[in-house]
Amino acid sequence: MLQQTQVATVLEYYKRFLNRFPDVASLAAADEQSVLALWAGLGYYRRARQMHQAAKQVVADHAGRFPETLDEIKALPGIGRYTAGAIASFAYDCPAPILEANTIRLFSRLIGLREDPTTSKSQALLWEAAESFLPPRSGAGTINQALMELGSLICKPAQPNCNQCPLNSGCKAYADGLQAAIPIAKQKAKPQQRDHAALIVRQHQLYLVRQNDGLGWWQGLWDFPRIDVTELSITTSKRQATISQAVEQAFEETLGLSCRIDSHAMTIKHSVTRYRITLECYFATLSSDAFALAAAGKRNKHKVGRASRPADKTRRELENWYWMALGDDQLPLTASAKKLVHWLNGNQEQ
DNA sequence: CACGCGTGGTC
DNA sequence: TGACCAAGCGT
């Protein structure tokens, strides 16, 4: 959970998760969808699937006992050199180095690294630095955690407290006054704007949702029917009726969902990697034939794990539909879908 | 090796 | 407010 995710963000998810899956065996025995449901909102959902797979692998290949050597730990899906080193040193006191956001910054400054820390050359130097701090006998876990804390609390990204740093006498960046310039930030791809549209289709107290397939964003997670309408180049200068018509047509062509847009509900701004997404949410009514198709989806209880892929393409779509109650906490929803659910809960007039 | 993957917090 | 950042990994 902590991979690329701040501790404060993880805490509540972690508690809920361990409450539901207190050991490897219970996680291994779980449905992927219930694992994802507890992860929903955290992001990087591949981590959840890989951890689930790792639990199964521990049961199958290690008799249910978590492996205790660096190589065996690293062989598990979703566990790379950092996470393997962290587990091995924290849990089993193996003399394994670690390198992550905090210590990359710390070591970059200590050795006065003037290049992009992500290149293989830089990485080799940084791992070497990490290794140089390992104690000869035991206590690697303590040292590793102490170095992370030092990076987190003192050797901060901006305005590091060099005067409080116990390592400042050996720090090249500090000696040269370069602590603000190191590590150098690598240039990122320019953010791109995307326009999405989502439909709010209510039938009695249930809302139509669909599961994302194995391609693209939010694989295996559920969302309100959503499409990318960036190419429609919708502008505010167009009449609302024109926009609605274009969006209706796009839903028909993309999802085979024939509907009429009734009104605009809300706008959600969010982002995925380098994309800045503006999601316009509309109340909509399905046309009668589309309604029959969607109703068929209701009989398909949502599946465990990824949806199967029958040869027939039209059927494939239908398996991914579901009528969801607003209070449903079993379905793994994307963060934006959760926001929309929250808004709908607050807007249940009547 | 560069890129994709999610989201929320901070300044 | 938008850019930066976070207990990385797999491809």
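Heavy atoms only: backbone and side chains are in, while hydrogens, waters and symmetry mates are out. Small disclaimer: the values here were computed from a predicted structure and weren't measured. In what follows, every chain begins at residue 1, and chains take the letters A, B, ... in the order their sequences are listed.
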(message) For the P atoms, the ones on C:dT11 and on B:dG6, what distance do you get once it is rounded to whole angstrom?
(response) 14 Å
(message) For the P atoms, the ones on B:dC3 and on C:dC4, what distance do you get once it is rounded to whole angstrom?
(response)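 Looking at atom P only, B:dC3 and C:dC4 are 16 Å apart.
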Under 3.5 Å, which protein N or O atoms sit close to an N or O of nucleotides 9-11 of chain B? Give each pair with its distance.
none

Sorted by first residue and then second, give each salt bridge (charged side-chain N to carboxylate O under 4.0 Å, His left out) pair with at least one member in [range]; sequence neighbours left out.
{"range": "residues 58-68 of chain A", "answer": "A:Arg65-A:Glu68"}
{"range": "residues 216-227 of chain A", "answer": "A:Asp223-A:Arg226"}
{"range": "residues 82-100 of chain A", "answer": "none"}

(request) Please identify each residue that fulfils salt bridge (charged side-chain N to carboxylate O under 4.0 Å, His left out) with A:Arg276, with sequence neighbours left out. (result)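 Not a single residue meets the salt bridge (charged side-chain N to carboxylate O under 4.0 Å, His left out) criterion with A:Arg276.
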(message) List the residues meeting salt bridge (charged side-chain N to carboxylate O under 4.0 Å, His left out) with A:Lys186, not counting sequence neighbours, and say none if there are none.
(response)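 None.
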(message) If a pair means Watson-Crick or G-U wobble with both distances below 3.5 Å, what does DNA chain B look like in dot-bracket form, with | marking bases paired to a different strand?
(response) .||||.|||||
(request) Examine the side chains of A:Asn144 and A:Ser89 and answer whether a donor and an acceptor come within less than 3.5 Å of each other. (result) yes
(message) Within the 3.5 Å criterion, strictly below it, is a donor on A:Glu149 or A:Ser152 matched to an acceptor on the partner's side chain?
(response)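 Their side chains do not contain a donor-acceptor pair, so the 3.5 Å distance test is not met.
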Residues 161-176 of chain A, side-chain donor-acceptor partners within the protein, below 3.5 Å, at least two apart:
unit_1, atom_1, unit_2, atom_2, d
A:Asn168, ND2, A:Cys162, O, 3.0
A:Asn168, ND2, A:Cys165, O, 3.3

(message) What is the distance, to the nearest angstrom, from the CD atom on A:Gln187 to the C1' atom on C:dC5?
(response) 17 Å
(message) In this structure, how many angstroms lie between the C1' atom of B:dC5 and the CG atom of A:Leu215, rounded?
(response)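 Computing the A:Leu215:CG to B:dC5:C1' distance gives 14 Å.
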(request) Can you sort out which residues in residues 273-281 of chain A have a heavy atom within less than 4.0 Å of DNA chain B? Ascending by number, please. (result) A:Thr273, A:Arg274
(request) Enumerate the residues from residues 72-85 of chain A whose closest heavy atom to DNA chain B is under 4.0 Å, giving them by residue number; use none for an empty result. (result) none
(request) Assign A:Gln145 to base, sugar-phosphate, or nothing according to its heavy-atom contacts below 4.0 angstrom with the strands shown. (result)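 No contact.
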(message) Heavy atoms within less than 4.0 Å of DNA chain C: which residues of residues 91-117 of chain A have one? Give them sorted by number.
(response) A:Glu100, A:Ala101, A:Asn102, A:Arg105
(request) Could you tell me which residues satisfy ring pair (Phe, Tyr, Trp, His ring centres under 6.0 Å) with A:Tyr44, sequence neighbours excluded, listed by chain and number? (result) none
